[in-house]
K.L.:
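The structure that follows is given in the form of structure tokens.
Numbers here are sequence positions counted from 1.
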Amino acid sequence: MTSNGKLPISLVVITANEERNLPRCLEAANFCSEIIIVDSGSTDRTLEIAARYGAQTFHRPWSGYVAQKDFACQQARQPWILCVDADEVVSPELRRSISEAFQGD
């Protein structure tokens, strides 16, 4: 666990106009100690929402799914990375499994 009481995980999300999906995505993964958003030109409230959740936001023109994810992962500072799409939500079961993996040794 990190000093902020969260797990040493960087949440990595690539975005483009995801204001409708992003709050659910970020809220479900609020156990991660770092949020990295790589945005490729949103014109809606995506960046405002990301800021509200304390995300580090990077602007990068769309270079393809793999290249965007790779770039996003390179920005992560935590020893573990959780990559999700903005329209994905970490289920309670997955959250529990991740938390259990960090228990004990």
Side-chain angles (χ1 to χ4, degrees):
M1 200 141 336
T2 63
S3 61
N4 63 6
K6 297 186 178 194
L7 297 177
I9 301 172
S10 295
L11 177 68
V12 170
V13 185
I14 58 175
T15 59
N17 293 327
E18 292 288 353
E19 73 177 344
R20 292 165 73 201
N21 297 315
L22 195 57
R24 283 185 62 222
C25 174
L26 299 181
E27 192 63 40
N30 65 2
F31 55 90
C32 297
S33 62
E34 178 181 52
I35 302 170
I36 304 291
I37 302 286
V38 175
D39 187 77
S40 58
S42 289
T43 56
D44 64 1
R45 294 177 41 245
T46 296
L47 298 177
E48 176 186 324
I49 293 165
R52 194 168 59 225
Y53 283 87
Q56 295 176 54
T57 305
F58 299 87
H59 305 277
R60 187 170 195 258
W62 182 252
S63 58
Y65 186 80
V66 172
Q68 288 296 93
K69 283 282 187 178
D70 284 347
F71 175 82
C73 288
Q74 290 170 14
Q75 309 316 305
R77 294 182 310 209
Q78 294 300 313
W80 297 91
I81 298 173
L82 174 60
C83 291
V84 297
D85 290 339
D87 63 349
E88 294 179 317
V89 176
V90 173
S91 69
E93 296 82 12
L94 178 57
R95 181 185 182 124
R96 189 170 29 261
S97 293
I98 292 170
S99 293
E100 287 173 0
F102 284 89
Q103 300 301 315
D105 295 333

K.L.:
Is there a donor-acceptor pair under 3.5 Å between the side chain of Q78 and the backbone N or O of S10?
P.N.:
no
K.L.:
Sequence neighbours left out, cut at 3.5 Å: what donor-acceptor pairs do the side chains of residues 67-74 make with other protein atoms?
P.N.:
unit_1, atom_1, unit_2, atom_2, d
Q68, OE1, R60, NH1, 2.7
Q68, OE1, S63, OG, 2.9
K69, NZ, V84, O, 3.1

K.L.:
Does F58 share a hydrophobic cluster with I81, counting links as ILVMFWY side-chain heavy atoms below 4.5 Å and allowing steps through other members?
P.N.:
yes
K.L.:
May I have all residue pairs that pass salt bridge (Lys or Arg N to Asp or Glu O under 4.0 Å) and include part of residues 90-102, sequence neighbours excluded?
P.N.:
none
K.L.:
Check step by step if side chain to side chain contact (heavy atoms under 4.5 Å, CB included) holds for Q75 and I36.
P.N.:
CA-CA 7 Å; Q75 309 316 305; I36 304 291; 4.0 Å; yes
K.L.:
Any side-chain to backbone donor/acceptor pair from S91 onto L94? Under 3.5 Å, distance only.
P.N.:
yes
K.L.:
Please report the interatomic distance CG(L11) to NZ(K6), rounded to the nearest 0.5 Å.
P.N.:
10.5 Å
K.L.:
To the nearest 0.5 angstrom, please state how far the CZ atom of R20 sits from the CG atom of D44.
P.N.:
10.0 Å
K.L.:
For residues 48-56, run the donor-acceptor check on the side chains, cut-off 3.5 Å, and write out each pair with its distance to 0.1 Å, sequence neighbours left out.
P.N.:
unit_1, atom_1, unit_2, atom_2, d
Y53, OH, E27, OE1, 3.3
Q56, NE2, E34, OE2, 2.8

K.L.:
What are the two closest non-hydrogen atoms of D85 and V13, and how far apart are they?
P.N.:
C-CG1, 4.2 Å
K.L.:
Is it true that L47 and V38 fall in one hydrophobic cluster, defined by side-chain heavy atoms closer than 4.5 Å?
P.N.:
no
K.L.:
If hydrophobic clusters are built by linking Ile, Leu, Val, Met, Phe, Trp and Tyr wherever their side-chain heavy atoms come under 4.5 Å apart, do L7 and L26 end up in the same one?
P.N.:
yes
K.L.:
Mind listing the closest non-hydrogen atom pair of L82 and C32 along with its distance?
P.N.:
CD2-SG, 4.2 Å
K.L.:
Shortest non-hydrogen contact from N21 to A86?
P.N.:
CB-O, 3.2 Å
K.L.:
CG/D39 to CH2/W62 distance, rounded to the nearest 0.5 angstrom?
P.N.:
10.5 Å
K.L.:
Looking at every heavy atom in both T43 and N17, which two are closest together, and how far apart are they?
P.N.:
N-OD1, 2.6 Å
K.L.:
For L22 and I37, work out which heavy atoms get closest and say how close.
P.N.:
CD1-CD1, 4.2 Å
K.L.:
Between I98 and W80, does the side chain to side chain contact (heavy atoms under 4.5 Å, CB included) criterion hold? Intermediate values first, please.
P.N.:
CA-CA 11 Å; I98 292 170; W80 297 91; over 6 Å; no
K.L.:
Please check this pair: side chain of S40 against backbone of P61, looking for a donor-acceptor N/O pair closer than 3.5 Å.
P.N.:
no
K.L.:
Which atoms form the tightest heavy-atom contact between V89 and C25, and what is the distance?
P.N.:
CG2-N, 4.5 Å
